[in-house]
2 protein chains.
Amino acid sequence: MTARKQRLEPIKPPVQRRSKATVDEILAAAAQVFETHGYAAGTTNRIADRAGVSIGTLYQYFPSKEAIAVALLERHIIDTDRRLHEWVGHMVAERHGLRAALHDYVTGMLEMHSGRPRLQHILIEETPLPERVHKAVLEAEQTAAKTVAGLLRLYPEVRHTQLEQAGSLVVQTVESLTHRFAAHPDEQLMSRERFINELATMLEAYLSYSRPHKSRQPSPGSCPP
Amino acid sequence: MTARKQRLEPIKPPVQRRSKATVDEILAAAAQVFETHGYAAGTTNRIADRAGVSIGTLYQYFPSKEAIAVALLERHIIDTDRRLHEWVGHMVAERHGLRAALHDYVTGMLEMHSGRPRLQHILIEETPLPERVHKAVLEAEQTAAKTVAGLLRLYPEVRHTQLEQAGSLVVQTVESLTHRFAAHPDEQLMSRERFINELATMLEAYLSYSRPHKSRQPSPGSCPP
DNA sequence: ACGTAACCTGAATGTTTACTCATAATAGGT
DNA sequence: ACCTATTATGAGTAAACATTCAGGTTACGT
């Protein structure tokens with residue numbers, strides 16, 4: 001959702017330690033409130049209430065409700081990006097096999113979404129975001145796809161010629177399915193471990209699949225040289 | 001989202017032809033309005049406006065805004081179910097191969113979501129649904145998983161022992177990814193055809209994969225240096 | 001200890017919303 | 001042509017909401 005202009009920067013940035021803590025409280029409260037009520041029903045008064053501050057204080061640091069959502073989303077983008085790079089670092093350093101790498105990736109993303117499974121979706125899909133933020137979300141995902149593609153290049157069993165497209169599909173699949181699982185864990189047929197294994201299996205099968213042949217014996221447990 | 005009680009049935013059901021048409025107009029308008037504005041910002045007045053009827057007329061047939069959403073969702077569930085069964089019918093009758101079957105399935109689901117890509121998500125995730133409807137959505141998905149599993153049993157190259165779990169993962173993957181693609185087609189690296197092919201490839205690879213291990217440790221030490 | 005900038009308060013404001021109701025128009029049977 | 005159930009109207013109502021503001025309280029430099 002993209003929509004019209006609105007103040008996003010606070011008139012007064014927090015200066016003292018007290019007010020920095022207040023801003024953190026507000027953001028934490030907003031995350032909780034949006035998570036449980038959605039964007040529209042997550043009222044500013046409820047947020048202020050839960051944060052233990054008055055509504056006036058909230059508007060001292062955030063010029064609008066939308067600004068709070070944007071701040072939360074920007075924070076989430078940075079977290080995800082950091083996590084992805086940590087993962088790549090580990091994989092390169094410890095020379096895990098493709099299967100282990102995928103398993104680790106899925107596990108990490110599932111963990112990320114387990115805390116507040118709905119928040120990300122609410123911020124991206126229910127909130128009227130300014131164009132700038134919408135672009136940032138897109139770019140973050142494309143960067144992720146490139147990063148994953150870069151890692152996949154290290155594995156010889158990955159035979160895709162269009163690595164970036166494969167990376168994009170991997171990222172989107174993991175993003176969607178872990179999100180879904182985290183949001184409704186008790187409505188699933190599989191246990192958490194089973195889910196991670198199945199998803200990693202699917203990705204491994206896809207990535208090490210050589211197209212023309214009908215069925216193919218995988219090279220199990222293969223490792224990078 | 002699940003929430004408190006509210007009237008869902010109209011006091012007066014439509015009797016004459018005129019009013020049946022009106023009810024259809026209202027539902028069509030509601031689909032459009034929810035699609036573009038989301039649930040909360042999709043106001044009943046806007047819906048009545050777009051339907052070309054007065055707000056009073058709308059409340060003659062739908063006792064609440066929520067009732068409109070529920071009606072739309074129920075209609076969607078029925079459509080999806082019908083489509084799935086048609087697909088299974090075709091596959092069984094024409095004895096397509098696994099690859100062709102998956103290709104067809106993905107294509108059909110992508111088509112289903114191309115019309116109003118956001119509507120389904122808005123109804124399920126943004127709308128406070130009564131428990132009954134929420135259950136119906138879940139059941140529909142589990143039924144779909146069973147149906148797919150039944151079809152997969154016909155293909156010898158599918159080696160999964162837990163067919164229903166595999167079916168569930170297939171359904172969820174297709175649901176999530178086609179939805180995503182339909183909602184943001186111009187933000188994708190791949191063309192529509194390419195996307196369908198890649199997704200079908202991934203599913204085929206997963207389903208015909210003979211697994212090297214039962215399970216796997218996520219931690220380091222899985223590969224000798 | 002004092003002054004002032006930073007910080008906090010919450011009642012008040014104007015807008016938006018779902019929903020009601022008294023009344024008017026219309027269709028279809030007789 | 002007439003009668004009545006059905007269908008349509010839209011101004012009006014109460015509640016909920018984001019945001020403002022005038023006036024308090026607290027921390028910090030000096």
Side-chain angles (χ1 to χ4, degrees), chain A residues 3-27 29-30 33-34 37-72 126-130, chain B residues 3-27 29-30 33-34 37-72 126-130:
Chain A
R4 96 281 84 166
K5 50 210 81 188
Q6 178 127 22
R7 292 199 84 86
L8 293 177
E9 305 304 329
I11 318 292
K12 291 186 184 179
V15 179
Q16 304 177 354
R17 193 147 34 119
R18 174 165 57 137
S19 61
K20 290 213 170 98
T22 301
V23 168
D24 284 349
E25 291 282 359
I26 293 172
L27 283 176
V33 170
F34 285 146
H37 298 278
Y39 181 74
T43 70
T44 48
N45 279 288
R46 244 197 276 259
I47 293 171
D49 242 32
R50 177 147 303 203
V53 302
S54 82
I55 181 64
T57 298
L58 186 151
Y59 277 94
Q60 190 113 144
Y61 301 106
F62 298 94
S64 68
K65 181 178 169 178
E66 187 185 329
I68 302 177
V70 169
L72 283 177
E126 287 183 43
T127 308
L129 295 173
Chain B
R4 98 292 66 192
K5 51 209 83 190
Q6 178 125 22
R7 292 199 84 85
L8 292 178
E9 305 303 328
I11 317 292
K12 292 185 183 178
V15 180
Q16 302 178 355
R17 214 188 19 219
R18 176 165 58 138
S19 61
K20 290 211 169 100
T22 300
V23 168
D24 283 350
E25 291 281 359
I26 292 171
L27 284 176
V33 170
F34 285 146
H37 298 278
Y39 181 75
T43 70
T44 49
N45 280 289
R46 244 198 276 259
I47 293 171
D49 242 31
R50 178 147 303 202
V53 302
S54 81
I55 181 65
T57 298
L58 185 151
Y59 277 95
Q60 191 113 146
Y61 301 107
F62 298 94
S64 68
K65 179 178 168 176
E66 186 184 329
I68 302 177
V70 169
L72 283 177
E126 286 182 43
T127 307
L129 295 173

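The chains referred to below are lettered A, B, ... by the order of the sequence lines, with proteins before strands, and numbering in each begins at 1.
- Only B:Val53, listed by number, bring a heavy atom of residues 43-53 of chain B to less than 4.0 angstrom from any atom of DNA chain D.
- Between A:Thr57 and C:dT9 there is a side-chain polar atom (N or O) within less than 4.0 angstrom of OP1 or OP2.
- For B:Gln60 and C:dA22, the CD to P distance is 14 Å, given to the nearest whole Å.
- Scanning both residues, A:Phe62 and A:Ala71, for their nearest heavy atoms gives CE2-CB, 4.2 Å.
- Once rounded to the nearest 0.5 Å, the distance linking CG of B:Asp24 with OH of B:Tyr61 reads 11.5 Å.
- Residues of residues 18-27 of chain B that place a heavy atom closer than 4.0 Å to DNA chain C, in numerical order, are B:Arg18.
- In this structure, the separation between CG on A:Leu58 and NZ on A:Lys65 is 11.0 Å, given to the nearest 0.5 Å.
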Show me the donor-acceptor pairs within less than 3.5 Å that the side chains of residues 39-56 of chain A make with the rest of the protein, sequence neighbours left out.
{"residue": "A:Thr43", "atom": "OG1", "partner": "A:Arg46", "partner atom": "N", "Å": "3.1"}
{"residue": "A:Arg46", "atom": "NH2", "partner": "A:Ala41", "partner atom": "O", "Å": "3.2"}
{"residue": "A:Ser54", "atom": "OG", "partner": "A:Gly56", "partner atom": "N", "Å": "3.3"}
{"residue": "A:Ser54", "atom": "OG", "partner": "A:Thr57", "partner atom": "N", "Å": "3.4"}
{"residue": "A:Ser54", "atom": "OG", "partner": "A:Thr57", "partner atom": "OG1", "Å": "3.4"}

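- Atom-to-atom, OH of A:Tyr61 to P of D:dA18 comes out at 21 Å; the value is rounded to the nearest Å.
- Atom CD in B:Gln16 sits roughly 8 Å away from atom C1' in D:dA5 (whole-Å rounding).
- The side chain of B:Tyr59 places an N or O atom within less than 4.0 Å of a non-bridging phosphate oxygen (OP1 or OP2) of C:dC19.
- One finds a side-chain N or O of A:Ser54 lying less than 4.0 angstrom from the OP1 or OP2 phosphate oxygen of C:dT9.
- Put simply, CD1 on A:Ile55 is 10 Å from C1' on D:dT20, counting in whole angstrom units.
- Expressed to the nearest 0.5 Å, how far CZ of B:Arg18 lies from OG1 of B:Thr22 amounts to 7.5 Å.
- One interatomic measurement links the two molecules: CG of B:Leu58 to C1' of C:dC21, which rounds to 16 Å at whole-angstrom precision.
- Protein atom CZ of B:Arg17 is 14 Å distant from nucleotide atom C1' of C:dT26, rounded to whole Å.
- The separation between A:Tyr39 atom OH and D:dA16 atom P is 20 Å, rounded to whole Å.
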